[in-house]
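Contents: one structure, followed by commentary.
These figures come from a predicted structure and were not determined experimentally. Heavy-atom basis, side chains included; hydrogens, waters and symmetry copies ignored.
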Amino acid sequence: MEKWVVSAKRADFAAIAERFHIDQVTARIIRNRDVVTEEEIEEYLTGTLESLASPHLLMDCDKAAGILAEKIREQKAVRIIGDYDIDGVCSTYILLSGLKRCGANVDIEIPDRIRDGYGINEQLIQQAYEDGTDTILTCDNGIAAIEQVAYAKKLGMCVIVTDHHELHFDEKEGEKVLKMPEADAVVNPKRPDCAYPFKGLCGAAVAYKLIRCLYGAMGLPEEEADAFVEYAAIATVGDVMDLKGENRILVKEGLKMLRRTGNAGLRALIHENGLEDAHIGAYHIGFVLGPCINASGRLDTAKKALALLAEEDGEKAALLAAQLRQLNDERKQMTSEGLEEAIKIIEEGPLKLDKVLVVYLPSCHESLAGIIAGRIRERYNKPVFVLTDSEGKVKGSGRSIEAYNMFEGMMSVQELFVKFGGHPMAGGLTLEKENVELFRKKINMQAALTDEDFIPKITIDVPMPIHYITEKLIGELELLEPFGKGNTKPVFAEKGLTVIGARILGKNRNVLKFQVLNQSGTAMDAMYFGDVNKMLDYLSEKFGPGEVQKMLQQRENNISMSVTYYPSVNEFRDKRSIQIVIQNYQ
């Protein structure tokens with residue numbers, strides 16, 4: 001069962017509400033997102049692209065722009081080496097389009113997920129050298145490529161790294177000694193010597209910043225690069241970055257652009273997924289459009305997704321969009337099969353007792369390991385690694401929980417890996433097959449997790465009785481969007497709602513519509529879109545099957561519930577009414 005906790009962060013909510021002309025409920029939510037100072041609140045509520053820090057503050061960004069400007073003037077061959085996920089594709093597109101606008105002699109290479117693995121490697125460098133490439137420009141990778149960059153430099157090539165991942169480090173006498181590739185320029189906000197105030201940018205946002213600097217170096221208006229914000233927004237959501245600070249502004253502004261996008265490929269993808277009439281938000285990027293872009297790098301080649309973004313012909317874009325959607329449908333089916341197998345292994349073996357779940361699925365497509373790891377984490381609320389066979393080695397992806405820094409956990413057993421990298425919440429690795437069981441044992445030995453860490457916590461922003469909800473407040477809550485990781489949708493709660501009646505709706509019987517009454521006498525509709533059968537079983541166990549039957553027959557019953565919810569306005573036949581959408585119940 002989840003543990004419900006009320007966020008108890010303090011502030012003068014009345015003063016904030018008065019200063020910014022908002023409800024005290026909205027003020028509480030903003031404080032709960034750790035937005036504290038007046039400047040931060042102002043930016044949170046009204047921030048625009050002008051609120052972003054100057055890209056010139058990014059360490060080596062001007063240096064990289066200067067090198068590229070020189071290479072462009074000399075017509076030296078530049079090769080962009082990206083990555084096969086949504087952030088890598090968007091980063092590559094931004095750099096390719098920006099460099100072409102400046103007249104560069106530029107091409108791209110995106111590693112094949114299975115043949116090349118993540119990031120730049122010696123074969124890609126050798127190929128670039130043989131093709132006469134003068135300068136390698138990485139995006140969304142390269143910060144961990146110490147030996148690979150050294151090899152390119154040995155061949156006499158110029159190397160510029162743009163990345164956003166954590167720097168690798170060695171442990172010496174109990175201290176971390178950071179390692180950085182000796183490239184001609186390294187643009188990464190996570191560099192300890194980088195003065196850029198916001199460290200959480202994705203790879204595409206770093207690429208956008210570089211193009212702004214490059215436009216300046218080439219005598220073009222820097223603001224012209226703002227056209228790339230919609231791609232930085234897609235990558236920020238798709239790469240599951242925290243929607244805080246600059247990321248939230250990039251996504252908010254990028255979504256406005258995406259809703260009226262001039263990109264033929266994106267328009268085709270929106271049409272293919274039936275979203276022409278939708279008010280496209282972060283949800284649609286994260287769960288509809290983004291997975292289609294990612295599917296090409298998982299099951300085919302990410303160059304197909306890049307081709308979609310670059311395509312200007314509407315008919316060709318429609319064909320590419322259809323192919324990406326079909327790939328995503330295949331990916332969904334394969335994911336479902338892999339997840340089923342993984343759960344069986346966990347439930348029927350010793351893994352269930354582990355603090356960190358290491359699930360070995362030899363025949364699983366390696367590109368699905370991360371998705372399956374994420375689904376397992378949701379089910380068990382434990383850190384998860386899913387491993388699979390790949391070209392004589394074992395590759396894996398991990399997904400973590402808030403209580404466990406996955407990157408540091410991997411660092412503690414790094415001697416077992418051929419290659420690895422990641423963030424506190426996710427990681428990727430390659431190891432020898434004979435080390436699979438040793439990895440499982442060692443990563444668990446190093447994990448200082450307690451039983452408390454595995455209990456899912458539902459953090460309630462405001463315990464708010466339903467009679468407080470107004471259409472004005474619902475409209476005001478839209479100021480807090482876009483919602484996502486790091487800026488989650490607000491959670492409201494009320495205890496002891498009396499259930500007047502309920503009906504099962506939907507052709508798949510997958511919606512419950514309640515009428516609820518609170519202790520102040522306010523009645524309201526409440527919708528539940530989760531597992532209907534599970535909820536009815538829970539209510540039967542607690543109140544008895546007879547009471548549930550009465551509830552479904554709209555008869556007087558003894559059922560009452562505490563719920564977490566989000567308010568919304570229901571429009572039906574030109575009538576508007578306030579309702580709540582139930583998220584959790586007890």
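For E246 (side chain) and A53 (main-chain N/O), a donor-acceptor pair under 3.5 Å exists by modelled atom type. Using a distance-only test at 3.5 Å, with no hydrogens or angles considered, no donor-acceptor pair links the side chain of D226 to the main chain of E224. One N or O on the side chain of T564 and one on the backbone of N584 form a donor-acceptor pair closer than 3.5 Å. The backbone N or O of L124 sits less than 3.5 Å from a side-chain atom of N121, completing a donor-acceptor pair. No donor-acceptor pair closer than 3.5 Å links the side chain of R33 to the backbone N or O of G486. When atom types are taken as modelled, the side chain of R79 and the backbone of I136 share no donor-acceptor pair closer than 3.5 angstrom. No side-chain donor-acceptor contact under 3.5 Å links N273 to the backbone of V288. Side chain of D300 to main chain of S296: no donor-acceptor pair is present (N/O by atom type, distance under 3.5 Å, no hydrogens or angles). In this structure, R260 contributes its side chain and K256 its backbone to a donor-acceptor pair below 3.5 Å.
Checking each of N188, L137, L58 against T162 for a side chain to side chain contact (heavy atoms under 4.5 Å, CB included) leaves exactly one that passes, namely L137. F385 pairs with exactly one of F439, F420, Y404 by the ring pair (Phe, Tyr, Trp, His ring centres under 6.0 Å) rule, that one being F439. A side chain to side chain contact (heavy atoms under 4.5 Å, CB included) with S367 holds for exactly one of T335, T388, L299; it is L299.
Remark: K252 does not engage E481 in a salt bridge, criterion side-chain N to carboxylate O under 4.0 Å. Under 4.0 Å is where a charged nitrogen must lie from a carboxylate oxygen, and between K457 and E402 no such pair does. The pair K316-E311 does not meet the salt-bridge criterion, since no charged nitrogen lies less than 4.0 angstrom from a carboxylate oxygen. Under 4.0 Å is where a charged nitrogen must lie from a carboxylate oxygen, and between D453 and K382 no such pair does.
Contact check for F454 versus I401: side-chain heavy atoms found under the 4.5 Å cut-off. Side chains of R298 and H365 form no contact here, defined as non-hydrogen atoms less than 4.5 Å apart. With contacts defined as side-chain heavy-atom distances shorter than 4.5 Å, the pair R331/P291 qualifies. You'll find the side chain of L52 reaches within 4.5 Å of the side chain of K209, heavy atoms only. By the 4.5 Å heavy-atom criterion applied to side chains, Y231 and N263 are counted as neighbours.
Heavy atoms of other residues, nucleotides or ligands lying less than 6.0 angstrom from CD of Q414 number more than 12. For K199, the NZ atom counts as densely surrounded, since its 6.0 Å shell holds more than 12 non-hydrogen atoms of other residues, nucleotides or ligands.
Distance check: I211 CD1 to L96 CG gives 9.5 Å after rounding to the nearest 0.5 Å. To the nearest 0.5 Å, the span separating CD1 on I280 from CG on L255 amounts to 8.5 Å.
Inspection of the N32 and S7 side chains reveals an N or O donor paired with an N or O acceptor under 3.5 Å. A donor atom on one side chain and an acceptor atom on the other are not found under 3.5 Å apart for S51 and E43. Side-chain atoms of Y44 and N487 form a donor-acceptor pair, as typed in the model, at a separation below 3.5 Å. Inspection of the D87 and H164 side chains reveals an N or O donor paired with an N or O acceptor under 3.5 Å.
Relative ring orientation between H165 and Y118 is described as perpendicular, the plane-to-plane angle rising above 60° on a 0-90° scale split at 30° and 60°.
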